[in-house]
Amino acid sequence: MADDTTRITRDDIEQGFRDVSGEITGQAQSAAPKLIPAAVGVSLLLLFIAYLLGKRVGTTKSTVVEIRRI
């Protein structure tokens, strides 16, 4: 063990967080143009599937009402 250890200051920790957050922000900004069209496509597909399932359930559970004239 060495006795000449330096203390970690608050500025060292803040600089480390800035470095990490800067890398993450850069990666997210570079990936965003690729992910936005994919997210829109997936959301439209899920919406269409939900529509079809709702339409099917609506026809199987719908009530038929007959109106007769007396």
Side-chain angles (χ1 to χ4, degrees):
M1 273 170 93
D3 290 332
D4 59 340
T5 58
T6 59
R7 300 193 87 179
I8 298 174
T9 64
R10 182 178 178 165
D11 295 332
D12 295 335
I13 295 172
E14 286 180 5
Q15 184 62 36
F17 282 137
R18 282 192 202 109
D19 292 342
V20 171
S21 66
E23 290 175 11
I24 293 172
T25 304
Q27 290 176 355
Q29 288 176 350
S30 67
K34 299 173 191 170
L35 293 178
I36 290 174
V40 169
V42 168
S43 63
L44 287 176
L45 179 66
L46 289 175
L47 186 65
F48 183 68
I49 290 171
Y51 170 75
L52 290 179
L53 289 175
K55 186 175 178 182
R56 181 174 179 230
V57 169
T59 58
T60 58
K61 292 186 177 182
S62 64
T63 305
V64 177
V65 178
E66 290 186 23
I67 301 174
R68 294 186 183 181
R69 281 194 143 170
I70 302 178

Other than L52, which residues form its hydrophobic cluster under the rule that side-chain heavy atoms must be closer than 4.5 Å? F48, Y51
Does G16 offer a backbone N or O that forms a donor-acceptor pair with the side chain of D19 under 3.5 Å? no
From R18 atom CZ to D11 atom CG, the distance as rounded to the nearest 0.5 Å: 8.0 Å
Within a radius of less than 6.0 Å around CD1 of I8, do more than 12 heavy atoms belonging to other residues, nucleotides or ligands occur? no
Which side-chain N or O atoms in residues 26-45 pair as donor and acceptor under 3.5 Å with protein atoms at least two apart or in another chain?
residue	atom	partner	partner atom	Å
S30	OG	G26	O	3.3
S30	OG	Q27	O	2.9
S43	OG	A39	O	3.2
S43	OG	V40	O	2.8

